[in-house]
*Asks:* 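Before I ask anything, let me first share the structure, which is written out below as structure tokens.
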Amino acid sequence: MPLSQTAPAASADAARSRLHITPQTILSRSPRTGAIIGEVEVATPLQIREAVGLARLAQPAWEGIGLRRRLTFLRSLRDALYRGQNRILDMLVAEQGKVRQEATLEYLACLELVDYTLRTAPRVLRQRDVRVRLLPHRRFTIERYPYGVVLVIAPWNYPLWLSLDPIVTGLAAGNTILYKPSEYASQLGEIVASLVAEADIPREVFHILHGYGDVGQALIAAHPDYIVFTGSAATGRKVAHAAAEQVIPVTLELGGKDAAIVLADADVEEVAEGIVWSGMFNAGQTCASVERVIVLRPVAERLIAAMKQAVMRYISNGDGTPSPMLAALTTPQQMEIVQQQVQEALAAGVRAIIGGRRLDGDGRFYAPTILVDVTPEMRIWQEETFGPVVAVMVADTEEEAIHLANASDYGLTASLWTRDPRRAEHLARQLKVGSVSINEHLLISGVPEMPWGGVKGSGYGRTHGEQGLQEMTCIRTLNSDRWALPLEPFRYPYTAFKRSLARRATHFLYGPTLIDRLRSLR
Ligand code: NDP
């Protein structure tokens, strides 16, 4: 329901939240202009119960039509996505405040993900025979079957990508879907729902349920069979807790405080451009953004100067107004977090060599910021900032750099910047994260072929890649007849012959030396 009038200040929202009243609708406002973009209704408890019931009822039929037919629907979804390019990009710019070119990358990643799923699902989800050495007369098979009803709880920062990813893989695997978009991406969520509808996927198979955190909680309480949660570490913990109480498996894609490590042989100019892009893309509102830079002392001064130059060249107008290449901060809370963290750091003696404040004007923009003289115990070094802010520390040795990078509650991604690929690979193996990139940082998060996810506080489980598809399924092993043995060696009666057989097999299979193995003949 596009409205398009200009909103007054968000005072009504503030008053509601002070009174702890959950509103019945969600208004989307542009972070660029404050204009109201649309409104949706919050799902009622009855609607939630109905959706869960319908999803559960519809699931066996959706599974039953088989993978090939499900992929035909998903091919139509890809075509709908292709046709919808303009309205999707318009919405990502309007509702999330993205730069159009950055929105285009998110959109392309989605097309590639659907295509990847179409190409690989038949191979990845097919059943597999396993040879069991001790039981050659039995046939063993690993089958994958859908969990049933999958709940997708999505964030606002890449609302198309982080919604379509679990929806598409979940549907391909034969699950039905309950989908709760972020309250800051409700209009984009409506677009996702319209793509599913355009693909003629039966209505009972996919349900969008708008709402705030309490709707997410109610959906978990309705006992879905699997949950894919992407969002903050704080909410992720609550989700994991609620899921654990009902023993519901969960994939948790949480935040990061990702480090870029710059070695002493790095090509400083090139590295500065790469790091600035990886830290400032989408105004830093990327789980895998570079938020920490750890640079070896010999190149530290030059790198910091080159990073400042790169910011000035591309994303700073220099007059306090936002550059057209800088995205807005999507939510008011995010602006508060960024402002608080930076102010606290500045008060503690950190220097902003560029940026360090909110930009002028009505839009919710924060100046691209590079902070130096940071120390490891500071909040700006420890907590996810999720804004266009990069903090820099200098290390004297590579070991110290690796130690600093690993000394974090998070473990999503990291990068190493050097001209020595062998050294980089050696150091990469010491980083406790889900992905390491060399002379690059951000692109891995959008590659559907590569399993994606973190360790430690960044969550568990994987999306993307073969693992991402497989995680939408449970495993059922099948053990059936291959041929009949003249005698069942494991069953009653336990005879001397069977004991001797077990003894001989033990020598033959596990004897460490030839002499041990020959004892099987005795
Ligand atoms: P939040 O954790 O605030 O919200 C995520 C989703 O959970 C929203 O739909 C939210 O609804 C919902 N929610 C809130 N409370 C509950 C609850 N108690 N139970 C169930 N659901 C609830 O995250 P953001 O939307 O702010 O997203 C940004 C975060 O996501 C960052 O930390 C970022 O690092 C992380 N992220 C991780 C990625 C990864 O792959 N590892 C990728 C992208 C982002 P509502 O919006 O209405 O509050």
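Numbering of ligands and ligand atoms starts at 1, following listing order.
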*Asks:* Counting heavy atoms only, name the option from G255, S445, G213 that's nearest to atom 17 (C) of ligand 1.
*Replies:*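 Selected option, by shortest heavy-atom distance: G213.
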*Asks:* For atom CZ of R100, decide whether the heavy atoms of other residues, nucleotides or ligands shown that lie under 6.0 angstrom number more than 12.
*Replies:*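 More than 12 within 6.0 Å, yes.
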*Asks:* Hey, which atoms in ligand 1 end up nearer than 4.0 Å to a heavy atom of N157?
*Replies:*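 Those qualifying, in numeric order: 43 (C), 44 (C).
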*Asks:* What residue and atom, counting heavy atoms only, is the protein's closest point to atom 40 (O) of ligand 1, and at what distance?
*Replies:*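 Answer, as residue, atom name and distance: W452 NE1, 2.8 Å.
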*Asks:* Starting from atom 36 (N) of ligand 1, find the nearest protein heavy-atom neighbour and note its residue, name and distance.
*Replies:*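 Checked against all protein heavy atoms, atom 36 (N) of ligand 1 sits closest to C287 CB, 3.6 Å.
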*Asks:* Begin with the C-alpha distance, continue with both residues' side-chain angles, and end with the deciding distance and a verdict on side chain to side chain donor-acceptor pair (under 3.5 Å) for Q333 and Y184.
*Replies:* CA-CA 11 Å; Q333 291 87 331; Y184 293 101; 2.9 Å; yes
*Asks:* Can you list the ligand 1 atoms lying under 4.0 Å from a non-hydrogen atom of T235?
*Replies:*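 In order of number, 1 (P), 2 (O), 3 (O), 13 (N), 14 (C), 15 (N), 16 (C), 17 (C), 22 (C).
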*Asks:* Do protein heavy atoms approach atom 4 (O) of ligand 1 to less than 4.0 Å?
*Replies:*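 When distances to the protein are checked, atom 4 (O) of ligand 1 has no heavy atom within 4.0 Å.
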*Asks:* Considering only the protein, which heavy-atom contact is closest to atom 41 (N) of ligand 1, and what is its distance?
*Replies:*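 The closest heavy atom on the protein side is L254 O, 2.7 Å.
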*Asks:* Determine whether S289 and E291 satisfy the following criterion, side chain to side chain donor-acceptor pair (under 3.5 Å), listing intermediate values before the conclusion.
*Replies:* CA-CA 6 Å; S289 262; E291 295 208 357; 5.4 Å; no
*Asks:* Closest non-hydrogen protein atom to atom 27 (O) of ligand 1, residue and atom name please, with distance?
*Replies:*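 The answer is P155 CB, 3.2 Å.
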*Asks:* For the 3.5 Å polar cut-off, considering only N or O atoms, please tell me whether A154 and ligand 1 meet it.
*Replies:*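 For ligand 1, there is an N or O atom that lies under 3.5 Å from one belonging to A154.
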*Asks:* Start with the C-alpha gap between E466 and R144, add the side-chain angles, then the distance that decides, and say whether salt bridge (Lys or Arg N to Asp or Glu O under 4.0 Å) holds.
*Replies:* CA-CA 13 Å; E466 298 185 4; R144 299 198 160 268; over 6 Å; no
*Asks:* Which pair of non-hydrogen atoms, one from L151 and one from I220, has the smallest distance, and what is that distance?
*Replies:*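 So the two residues come closest at CD2-CG1, 3.7 Å.
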*Asks:* Looking at every non-hydrogen atom in both residues, tell me the closest pair between I275 and A260 and how far apart they are.
*Replies:*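 Heavy-atom minimum between the residues: CD1-CB, 3.9 Å.
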*Asks:* If I apply the N/O under 3.5 Å rule, does W156 come out as touching ligand 1?
*Replies:*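 Such a contact does occur with ligand 1.
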*Asks:* So is E384 polar-close to ligand 1, meaning N/O to N/O under 3.5 Å?
*Replies:*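 Yes.
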*Asks:* Any idea which atoms of ligand 1 are less than 4.0 Å away from a heavy-atom of Y212?
*Replies:*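 So the atoms of ligand 1 that pass are 47 (O).
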*Asks:* S232 versus ligand 1: do any nitrogen or oxygen atoms come within less than 3.5 Å of each other?
*Replies:*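 The answer is yes, given that S232 and ligand 1 share an N or O pair closer than 3.5 Å.
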*Asks:* Suppose we measure from atom 28 (C) of ligand 1 to each protein heavy atom; which comes out shortest, and what is that distance?
*Replies:*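 Among all protein heavy atoms, the one nearest atom 28 (C) of ligand 1 is F386 CE2, 3.7 Å.
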*Asks:* Among all the protein's non-hydrogen atoms, which is closest to atom 18 (N) of ligand 1, and how far away is it?
*Replies:*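 That would be Q217 CG, 3.4 Å.
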*Asks:* Quick one: which of V290, T413, N282, T286 gives a side-chain contact (heavy atoms from CB on, under 4.5 Å) with L442?
*Replies:*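 So the option named by the test is T286.
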*Asks:* Got the closest protein heavy atom to atom 47 (O) of ligand 1, with its distance?
*Replies:*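 Atom 47 (O) of ligand 1 sits closest to the protein heavy atom E183 OE1, 2.7 Å.
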*Asks:* If every non-hydrogen atom of V276 is compared with every non-hydrogen atom of M307, which pair is closest and at what distance?
*Replies:*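 Smallest heavy-atom distance, with atoms named: CG2-O, 3.6 Å.
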*Asks:* Does at least one non-hydrogen atom of G211 fall below 4.0 angstrom from an atom of ligand 1?
*Replies:*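 Flag set, G211 near ligand 1.
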*Asks:* Hey, looking at atom 6 (C) of ligand 1, which of I153, T286, V42, L162 has the closest heavy atom?
*Replies:*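 Going through I153, T286, V42, L162 one by one, I153 has the nearest heavy atom to atom 6 (C) of ligand 1.
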*Asks:* Tell me, please, whether Y158 has K98 positioned over its six-membered ring: NZ or CZ under 6.0 Å from the ring centre and within 45 degrees of its axis?
*Replies:*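 Here K98 passes the 6.0 Å and 45° test against Y158.
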*Asks:* Return the closest protein heavy atom for atom 35 (C) of ligand 1 as residue, atom name and distance.
*Replies:*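 That would be G231 O, 3.2 Å.
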*Asks:* Under 4.0 Å, counting heavy atoms only: does Y158 come that close to any atom of ligand 1?
*Replies:*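 Not so, Y158 does not reach ligand 1.
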*Asks:* Answer yes or no: does atom NE2 of H223 have more than 12 heavy-atom neighbours from other residues, nucleotides or ligands under 6.0 Å?
*Replies:*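 Count over threshold, so yes.
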*Asks:* Less than 3.5 Å apart, any donor N or O on the side chain of Q334 or Y366 sitting next to an acceptor on the other?
*Replies:*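 The criterion, which ignores hydrogens and geometry beyond distance, is not satisfied for Y366 and Q334.
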*Asks:* Using side-chain hydrogen bond (donor to acceptor under 3.5 Å, both in side chains) as the criterion, point out the one residue from E41, E190, E39 that pairs with H210.
*Replies:*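 When E41, E190, E39 are each tested with H210, the side-chain hydrogen bond (donor to acceptor under 3.5 Å, both in side chains) holds only for E190.
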*Asks:* Do any heavy atoms of Y184 fall under 4.0 Å from ligand 1?
*Replies:*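 No, that is not the case, since the closest heavy atom of the residue is not under 4.0 Å from the ligand.
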*Asks:* Quick one: does E471's side chain have a donor or acceptor within less than 3.5 Å of a partner on R462's backbone?
*Replies:*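 Yes; at least one donor-acceptor contact below 3.5 Å.
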